[in-house]
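Presented below is the structure to which this report refers.
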Amino acid sequence: MCGIIGAIAKRDVVPILMEGLKRLEYRGYDSAGLAVLDYASHQLKSQRVTGKVQQLETKLKNAPFSSTIGIAHTRWATHGKPSDENAHPHISRNTVAVVHNGIIENYLALRRQLEQQGYQFLSDTDTEVIAHQIHFFLQQNNDLNSAVRATLPLLKGAYAIAVMSSSAPDCLIAARLGSPLVIGIGVGEHFIASDAAALVPVTQRIIYLEDGDIATLQRDHFQITDISGNSVTRGEQISRLAIDTMERGEHRHFMHKEIFEQPRAIAETLEGRIYQERILSAILGPQADDLLAPITAVQIIACGTSYHAGLVARYWIETFVRIPCFVEIASEFRYRQPLANPRTLIVTLSQSGETADTLAALHEAKRLGFGPSLAICNVPESALVRASDLVLMTHAGAEIGVASTKAFTTQLVCLLILTVLLGRHRGMSVEVEKKIVAALLSLPRQIETVLKLDAQITQLAEQFADKQHALFLGRGIHYPIALEGALKLKEISYIHAEAYPAGELKHGPLALVDATMPVIAVAPNDALQEKLKSNLQEVHARGGQLFIFANHHAIMQQSDYIKVIELGTLEEIISPIVYAIPLQLLAYQVALIKGTDVDQPRNLAKSVTVE
Ligand code: AGP
């Protein structure tokens with residue numbers, strides 16, 4: 001999704017803006033731009049490109065800018081195709097420059113009114129109305145802050161904006177409603193960004209703006225107000241993001257680095273949460289026991305990969321806690337009018353904590369009268385974390401690759417921890433808890449072992465390079481892992497991939513199987529393995545090419561059409577977490593061969609902050 005960075009300082013801000021844009025690239029974008037105030041001419045200057053930040057950098061090398069105040073943007077197209085004209089900043093009458101993340105739903109009506117006032121539109125975007133509208137009010141009272149405050153109530157939809165004007169050369173204004181925005185505090189300088197990651201090189205001192213906040217930044221001073229101009233106070237945080245988490249190191253892509261970081265990410269997620277083989281009950285905070293004791297059902301809400309983590313958790317919660325667990329895609333839940341039960345715990349899963357659908361579904365669940373809410377999230381202070389009664393953070397570290405990997409496996413770790421905490425209120429024995437804890441503690445080591453399959457999977461990947469389609473099969477708790485494997489493959493290699501519970505094969509998808517169709521099976525040694533083997537025989541009998549991930553190579557006789565990748569003996573409870581790893585590696589290696597943009601696959605965004 002779009003990324004915003006802005007700076008006001010006593011030094012040249014252009015390198016800060018460019019570095020910030022690079023750090024926002026992971027969010028996904030298709031064009032980029034920046035605007036600064038040229039002090040000599042008192043004019044706004046801007047540069048915009050379709051494509052990558054690097055292209056913007058090249059343009060600026062040929063015609064350098066420098067200034068002590070500026071705003072910049074990476075755009076992910078919503079209204080209007082990716083093009084130079086539609087890229088931000090949008091500038092009104094050489095006086096007001098605006099960058100925006102979000103969607104203005106009533107932009108057409110506003111555009112018509114502004115056109116009647118004589119404003120000429122140069123783009124197809126919804127954002128351009130904001131620039132002209134601010135300019136319209138600025139003409140009337142010559143005060144940028146008042147002009148922004150007069151404009152915001154007219155906007156229907158979601159926004160995070162940064163505004164600057166040649167009429168107010170020493171101030172930057174930022175505002176948010178529904179889209180994330182942070183302020184960075186420096187010495188004699190202040191910054192605005194979509195997330196703290198963009199500000200890592202310049203400051204760790206961060207303030208997360210809340211919906212309705214308007215921030216006015218000057219070099220030595222800043223103020224946050226509400227829409228009426230009343231001062232509001234927001235707490236300062238020290239960002240935990242370190243510079244090294246934002247670097248690729250020896251890895252070619254962030255995704256590869258993040259796959260290999262999983263043993264450490266899981267160890268850090270477990271850190272401080274286990275004592276004497278048991279989960280510490282205090283980790284959810286003092287009110288957790290009171291909130292969890294009456295719970296009789298769980299409703300999980302999430303999108304994409306996070307939704308797949310929820311599907312795995314359903315098996316754990318129903319097996320170990322013995323209460324019903326429902327899992328639903330957030331964009332469906334929010335419009336379905338589900339039947340609310342105040343004893344149903346709402347669990348939201350999100351890497352970013354800013355996914356618009358998940359946030360809206362949580363608000364809808366609250367409105368309908370569901371029970372308490374718990375967020376499992378990787379970004380502290382994200383909107384989802386702030387809107388939830390209870391929070392269980394995944395300590396995965398910043399995930400930059402658009403394809404989620406370590407966020408997924410650490411979500412699963414948190415969901416298993418939650419299973420124990422819920423189970424305690426429903427008679428889970430100490431023995432079962434200790435077994436789960438032992439399995440969790442063994443995870444980093446087991447994943448280290450599985451990561452050694454990378455070379456073998458690299459060879460396997462060559463057989464996928466010319467394929468158009470792939471089928472993933474799993475059964476039981478490993479079916480969601482097949483779904484996740486298929487999502488990873490399609491996201492970054494652009495190969496069409498589907499996942500099915502293997503028992504469903506003969507009810508339709510078997511028709512697709514022939515010698516050109518690779519079929520990837522997640523086949524651990526569990527109670528359903530024999531059933532799965534029969535399903536695989538059905539594929540083999542129709543000439544399908546089988547790639548089987550199993551505990552032991554003896555699951556099926558290897559041949560030109562059957563390849564078995566052996567993962568070794570695994571503890572059954574954590575087996576889905578471990579089986580996710582080789583599928584991530586497979587998707588990565590196939591994408592590498594296909595030469596796709598692994599970390600920023602086409603059309604996708606890391607943080608989906610619009611509906
Ligand atoms: C994962 O690889 C995807 N990029 C995507 O499905 C993602 O999981 C989804 O958009 C949800 O994001 P969240 O976890 O930040 O809410």
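The figures that follow rest on heavy atoms only: side chains count, while hydrogens, waters and symmetry mates do not. Each ligand, and each atom within it, is numbered from 1 in the order the structure gives.
A cation-pi arrangement is not found for R176 relative to Y159, the charged atom failing to lie both closer than 6.0 Å to the ring centre and inside a 45° cone about the ring normal. Geometrically, K52 engages Y29 in a cation-pi contact, judged by NZ or CZ lying under 6.0 Å from the ring centre and within 45° of the ring axis.
Ring pair F370/F333 is tilted by interplanar angle, where 30° to 60° counts as tilted.
By the side chain to side chain contact (heavy atoms under 4.5 Å, CB included) test, A158 is found to be paired with S179, residues two or more places apart in sequence or in another chain being considered. The salt bridge (charged side-chain N to carboxylate O under 4.0 Å, His left out) search around K22 returns E57, not counting sequence neighbours. A587 is linked by a side chain to side chain contact (heavy atoms under 4.5 Å, CB included) to K488, L489, I492, counting only residues two or more places apart in sequence or in another chain.
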For each nitrogen or oxygen atom of ligand 1, which protein N/O atoms lie closer than 3.5 Å, and how far apart are they, rounded to 0.1 Å?
from     : atom 1 : to   : atom 2 : distance (Å)
ligand 1 : 2 (O)  : T305 : OG1    : 3.3
ligand 1 : 2 (O)  : S404 : N      : 2.8
ligand 1 : 2 (O)  : K488 : NZ     : 3.0
ligand 1 : 2 (O)  : E491 : OE1    : 2.8
ligand 1 : 2 (O)  : E491 : OE2    : 2.9
ligand 1 : 4 (N)  : V402 : O      : 2.9
ligand 1 : 4 (N)  : E491 : OE2    : 2.7
ligand 1 : 6 (O)  : T305 : N      : 3.3
ligand 1 : 8 (O)  : T305 : N      : 3.1
ligand 1 : 14 (O) : S306 : OG     : 2.6
ligand 1 : 14 (O) : Q351 : N      : 2.7
ligand 1 : 15 (O) : S350 : OG     : 3.3
ligand 1 : 15 (O) : Q351 : N      : 3.4
ligand 1 : 15 (O) : S352 : N      : 2.9
ligand 1 : 15 (O) : S352 : OG     : 2.7
ligand 1 : 15 (O) : T355 : OG1    : 3.3
ligand 1 : 16 (O) : S350 : OG     : 2.6
ligand 1 : 16 (O) : T355 : OG1    : 2.4

